[in-house]
There are 2 protein chains.
Amino acid sequence: MKTAGMTRETVTARLRAHGIQPTHQRIEIAHALFSRMEHMSADQVLALVNERHAETSKATVYNTLKLFVETRLVREVIVDPAKVFYDPNTTPHHHFFDVESGEITDIDAADISISGLPALPAGKVAAGIDLIIRIRANA
Amino acid sequence: MKTAGMTRETVTARLRAHGIQPTHQRIEIAHALFSRMEHMSADQVLALVNERHAETSKATVYNTLKLFVETRLVREVIVDPAKVFYDPNTTPHHHFFDVESGEITDIDAADISISGLPALPAGKVAAGIDLIIRIRANA
DNA sequence: TGCCGCAATTAGACAGAGTCCAATTCTTAT
DNA sequence: ATAAGAATTGGACTCTGTCTAATTGCGGCA
């Protein structure tokens with residue numbers, strides 16, 4: 001995942017590759033995420049895309065993030081009871097979550113193995129496996 | 001964890017054992033959780049304790065659940081982006097979460113082993129390890 | 001028992017995240 | 001250029017959870 005050369009053109013191609021009509025707003029939202037490669041809340045995305053001049057509404061940010069999640073362009077991260085974070089990193093990985101600062105850090109899933117999982121309930125398939133290590137300052 | 005004989009007296013003793021002043025409202029809230037041994041949202045707790053006659057306010061339910069979490073009488077379960085669930089089972093375990101129905105099911109942690117975890121960031125301690133298997137209907 | 005002081009509870013206002021809707025504006029294909 | 005469908009929008013709305021200031025209740029003690 002090269003993040004430095006993440007131009008608007010690269011982002012546009014990526015949207016197309018996921019079958020997403022690349023509109024102005026979607027390009028800006030994707031660019032905000034992929035040029036930084038950081039976990040961001042909807043609010044942070046909204047603030048970022050409107051930094052220079054307002055051009056994207058709250059509704060569109062929410063619509064678009066939902067679309068991105070559905071098309072697996074980004075991943076939802078549910079660790080903070082107050083809000084959802086969006087993660088431009090879609091490779092298998094887990095998270096540290098600092099319960100005091102709210103900071104989220106990636107843990108590569110390649111290094112980790114989880115064994116002894118029970119069978120899924122009948123008729124169900126796994127939609128995702130989330131491992132969250134909640135951490136706080138050693139006091 | 002015997003759940004059948006979970007009388008208000010048993011619950012009261014349990015509150016005392018955790019250093020919690022057993023008031024009316026706290027007993028009712030704890031009873032709602034421990035007599036059912038189910039994951040419940042604050043809203044569900046509020047509805048349950050006021051089923052017969054209203055006697056507990058929303059503020060008290062939130063205050064009390066927070067207190068219970070701090071004293072480790074119950075556990076918070078953060079899997080649903082919309083709300084927090086409270087889990088009367090404090091033994092080490094993980095969760096299935098049905099993303100379609102919202103249903104939460106326990107997975108005993110005794111059977112599971114997780115290896116390859118990286119070192120915690122310097123100066124941090126683990127406050128909890130949550131493993132969530134998100135499932136949905138096989139279609 | 002009666003009183004004091006602190007702990008607990010409360011109603012209701014408030015805050016923040018996220019959804020919804022009907023109206024408008026873009027895009028794209030023709 | 002135009003029509004049809006897709007995308008965007010402001011703003012009202014819902015829901016979860018927090019806060020505050022006032023009230024109520026309770027335990028300890030004389």
Side-chain angles (χ1 to χ4, degrees), chain A residues 8 11-12 15-16 18-33 39-50 53-71 73-87 97 99 102 104, chain B residues 8 11-12 15-16 18-32 39-50 53-71 73-87 99 102 104:
Chain A
R8 277 168 180 73
V11 162
T12 303
L15 292 178
R16 286 223 174 78
H18 283 253
I20 298 170
Q21 200 57 252
T23 65
H24 268 275
Q25 290 87 341
R26 288 171 178 175
I27 292 167
E28 285 309 306
I29 291 168
H31 185 258
L33 283 157
H39 310 87
M40 294 176 19
S41 67
D43 239 39
Q44 291 176 300
V45 172
L46 181 60
L48 275 174
V49 296
N50 288 325
H53 31 258
E55 61 174 2
T56 307
S57 72
K58 184 171 68 147
T60 296
V61 168
Y62 277 99
N63 288 343
T64 301
L65 288 173
K66 180 146 66 128
L67 176 69
F68 284 4
V69 168
E70 281 163 6
T71 55
L73 192 63
V74 306
R75 245 175 61 174
E76 263 177 337
V77 180
I78 298 164
V79 285
D80 186 320
K83 54 180 169 264
V84 174
F85 283 88
Y86 294 88
D87 189 344
F97 178 63
V99 296
I104 300 174
Chain B
R8 278 170 179 73
V11 163
T12 303
L15 291 178
R16 286 224 175 76
H18 283 253
I20 297 171
Q21 201 57 250
T23 66
H24 254 259
Q25 289 88 340
R26 288 172 179 174
I27 291 167
E28 286 308 308
I29 291 169
H31 185 258
H39 310 88
M40 295 177 17
S41 67
D43 240 37
Q44 291 175 301
V45 172
L46 180 61
L48 275 175
V49 296
N50 289 325
H53 30 258
E55 61 175 359
T56 308
S57 72
K58 184 170 68 149
T60 297
V61 168
Y62 277 99
N63 288 344
T64 302
L65 288 173
K66 180 144 67 125
L67 175 69
F68 284 3
V69 169
E70 283 163 5
T71 55
L73 192 63
V74 305
R75 246 174 61 173
E76 262 178 336
V77 180
I78 297 165
V79 284
D80 186 319
K83 53 180 170 267
V84 173
F85 283 87
Y86 295 88
D87 189 343
V99 296
I104 301 173

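Naming: A, B, ... by sequence-line order, numbering from 1 per chain. It should be emphasised that the depicted structure is a prediction, and the values quoted were computed from it without experimental measurement.
- Each of D:dG17, C:dG18, D:dT8 was ranked by its minimum atom distance to the side chain of A:Val84; first place goes to C:dG18.
- For A:Tyr62, counting side-chain heavy atoms from C-beta on, the closest listed nucleotide (C:dT27, C:dA17, C:dT10) is C:dA17.
- Nearest to the side chain of A:Gln21, among C:dT10, C:dT9, D:dA7, sits D:dA7.
- At the heavy-atom level, A:Ser41 lies nowhere under 4.0 Å from the strands shown.
- Comparing A:Lys66 and A:Asp43 along DNA chain C, the residue whose closest nucleotide (by nearest heavy atom) sits nearer the 5' end is A:Asp43.
- If you check D:dT9, C:dT10, C:dA8 against the side chain of B:Arg26, the one that comes closest is C:dA8.
- Between the base of D:dG17 and the side chain of B:Lys58 there is a donor-acceptor pair shorter than 3.5 Å.
- Under the 3.5 Å distance criterion, the side-chain polar atoms of A:Gln44 are matched with a main-chain donor or acceptor of A:Ser41.
- The side chain of A:Lys83 sits closest to C:dG18 out of C:dT10, C:dG18, D:dA7.
- Of the candidates C:dT9, D:dT18, D:dA7, C:dT9 carries the atom nearest the B:Thr23 side chain, counting heavy atoms from C-beta on.
- From A:Lys66, atom NZ reaches atom CD of A:Glu76 across 10.0 Å, with rounding to the nearest 0.5 Å.
- As judged by a 4.0 angstrom heavy-atom cut-off over every strand, A:His24 is placed among residues touching the sugar-phosphate backbone only.
- Atom CD of A:Gln44 is separated from atom P of C:dG16 by 15 Å (rounded to the nearest Å).
- Rounded to the nearest 0.5 angstrom, B:Thr12 OG1 and B:His24 NE2 are separated by 10.0 Å.
- A donor-acceptor pair is defined here as one N or O able to donate and one able to accept, closer than 3.5 Å; such a pair exists between the side chain of A:Asn50 and the backbone of A:Glu55.
- When the nearest nucleotides of DNA chain D are assigned to B:Ala82 and B:Ala59 by heavy-atom distance, the more 5′-ward of the two goes with B:Ala82.
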